[in-house]
Amino acid sequence: MSFDRKIKIAPSILSADFANFGQEIQAIEAQGADWVHVDVMDGHFVPNLTFGPQAVKAFRPHVKTVMDVHLMISPVDAYIDAYADAGADVLTAHIEAGPHIHRTLQAIRAAGMKAGVALNPGTPAEAVAHLLDLTDLICVMTVNPGFGGQKFIDMTTKVRQLRQMIGDRPVHIEIDGGVDPKTAPLVVEAGADVLVAGSAVFKGGSVTAPEVYGENMRLIRAAAEGHWV
Ligand code: DX5
Ligand code: ZN
């Protein structure tokens, strides 16, 4: 996985058919997804439960692009090896999930993965000031984590600040929550390059009508790249 700043669309399979993850992943990739975003929730750090390392490992053979695993769990450290074994390319932990995010990011890299740090809407950009050389991706939450389909919270000021703090380091800024063709250009203009989208990608489509996923992604990408269609 090499670093590039092109816009990347990362559909969140939280909005996929939970009885059919393999085909859903294949469908979004065939329709142009750049990364696959996997939302892990523990019913404790966030008020919802999704899947654990065993399920994520089962997704792996279907993912030909980048498996981007977003941990909304606390504690994190005890599970890092399990997600490395499951085949995560990027493993993102929340800064709010515990007192030792510095150690967590080191451990994620030591386990052979790209290290991401996620910030809830209430957490300021300054919180990552001493983590910039330990991280490959900063995930700016534009909803309070836990559920898909929520309303976008404007965090463009934070994104702008982060892009300035990052300078010329090879660090992605990912936006997660409420991304659609209307909100995507705002965050890209502010400096984001990875756009997670759940409901805006999956709405109206299915594995038997995957071209809808393709059209939904095309609309987000076109808007993000500044040309409306
Ligand atoms: C929220 C998750 C998101 C979510 C995005 O806790 O981290 O990845 O699935 O869903 P949409 O795009 O529907 O807001
Ligand atoms: Zn997510």
Side-chain angles (χ1 to χ4, degrees), residues 7-18 21 24-25 28 31 33-52 55-56 59 63 65-74 76 79 83 86 88-97 108 113-123 135-155 159 172-188 192-205 212-213 215-217 219-221 223-224:
I7 303 299
K8 288 163 284 294
I9 309 283
S12 163
I13 58 168
L14 188 61
S15 295
D17 174 1
F18 267 46
F21 282 119
E24 290 275 43
I25 290 167
I28 53 174
Q31 293 294 326
D34 299 287
W35 291 10
V36 175
H37 186 82
V38 178
D39 284 308
V40 174
M41 303 187 186
D42 67 352
H44 162 74
F45 180 68
V46 289
N48 194 5
L49 269 173
T50 55
F51 19 73
V56 174
F59 305 156
V63 179
T65 58
V66 170
M67 190 159 75
D68 174 34
V69 178
H70 176 192
L71 298 180
M72 285 161 275
I73 68 172
S74 175
V76 172
Y79 298 97
Y83 286 99
D89 294 301
V90 182
L91 193 67
T92 296
H94 269 261
I95 197 163
E96 306 85 3
I108 293 172
M113 298 171 285
K114 299 282 184 192
V117 57
L119 275 62
N120 279 334
T123 302
T135 188
D136 302 290
L137 174 147
I138 301 173
C139 173
V140 176
M141 295 303 301
T142 40
V143 296
N144 285 297
F147 303 95
Q150 303 183 78
K151 194 174 169 316
F152 177 81
I153 304 169
D154 189 349
M155 290 283 136
V159 174
H172 297 290
I173 297 183
E174 175 177 77
I175 306 297
D176 192 359
V179 172
D180 64 18
K182 280 203 184 65
T183 56
L186 308 175
V187 291
V188 167
D193 63 312
V194 185
L195 302 175
V196 175
S199 38
V201 168
F202 284 91
K203 71 158 192 259
V212 178
Y213 299 159
E215 177 62 7
N216 289 342
M217 284 188 271
L219 291 172
I220 297 170
R221 197 187 303 275

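Counting starts at 1 for both ligands and their atoms, following the listed order. Basis for what follows: all heavy atoms, side chains included, without hydrogens, waters or symmetry-related copies.
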### Task
Under the ring pair (Phe, Tyr, Trp, His ring centres under 6.0 Å) rule, collect the residues that match up with Phe152, sequence neighbours excluded.
none

### Task
Give a yes or no on whether the backbone of Val66 and the side-chain of Asp89 come within a donor-acceptor separation of less than 3.5 Å.
no

### Task
State, yes or no, whether a side-chain contact exists between Gln31 and Val201 at a heavy-atom distance under 4.5 Å.
no

### Query
What is the number of protein N/O/S atoms located under 2.8 Å from the Zn ion (ligand 2)?
4

For ligand 1, output the ligand-protein N/O contacts shorter than 3.5 angstrom; if there are none, return none.
from: ligand 1; atom 1: 6 (O); to: Gly146; atom 2: N; distance (Å): 2.8
from: ligand 1; atom 1: 7 (O); to: Asp39; atom 2: OD1; distance (Å): 2.9
from: ligand 1; atom 1: 7 (O); to: His70; atom 2: ND1; distance (Å): 3.3
from: ligand 1; atom 1: 7 (O); to: Asp176; atom 2: OD2; distance (Å): 2.9
from: ligand 1; atom 1: 8 (O); to: Asp39; atom 2: OD1; distance (Å): 3.2
from: ligand 1; atom 1: 8 (O); to: Asp39; atom 2: OD2; distance (Å): 2.7
from: ligand 1; atom 1: 8 (O); to: Asp176; atom 2: OD1; distance (Å): 2.6
from: ligand 1; atom 1: 8 (O); to: Asp176; atom 2: OD2; distance (Å): 3.1
from: ligand 1; atom 1: 9 (O); to: Ser12; atom 2: OG; distance (Å): 3.1
from: ligand 1; atom 1: 9 (O); to: Asp39; atom 2: OD2; distance (Å): 3.2
from: ligand 1; atom 1: 12 (O); to: Gly198; atom 2: N; distance (Å): 2.7
from: ligand 1; atom 1: 13 (O); to: Gly149; atom 2: N; distance (Å): 2.8
from: ligand 1; atom 1: 13 (O); to: Ser199; atom 2: N; distance (Å): 3.0
from: ligand 1; atom 1: 13 (O); to: Ser199; atom 2: OG; distance (Å): 2.5
from: ligand 1; atom 1: 14 (O); to: Gly178; atom 2: N; distance (Å): 2.8

### Query
With a 4.5 Å heavy-atom cut-off, do Pro121 and Met155 have their side chains touching?
yes

### Message
Test your reading of the model: is there a side-chain donor-acceptor pair from Asp180 to the backbone of Thr183, 3.5 Å cut-off?
### Response
yes

### Set of residues satisfying side-chain hydrogen bond (donor to acceptor under 3.5 Å, both in side chains) with respect to Asp17, sequence neighbours excluded
none

### Message
Quick check against the 3.5 Å criterion: does Asn216 have a side-chain atom that pairs as donor or acceptor with the backbone of Lys203?
### Response
yes

### Task
Find the distance between CD1 (Ile73) and OH (Tyr83) and round it off to the nearest 0.5 Å.
5.5 Å

### Message
Name the residue from Val63, Thr65, Val38 that meets the side chain to side chain contact (heavy atoms under 4.5 Å, CB included) definition with Ile25.
### Response
Val63

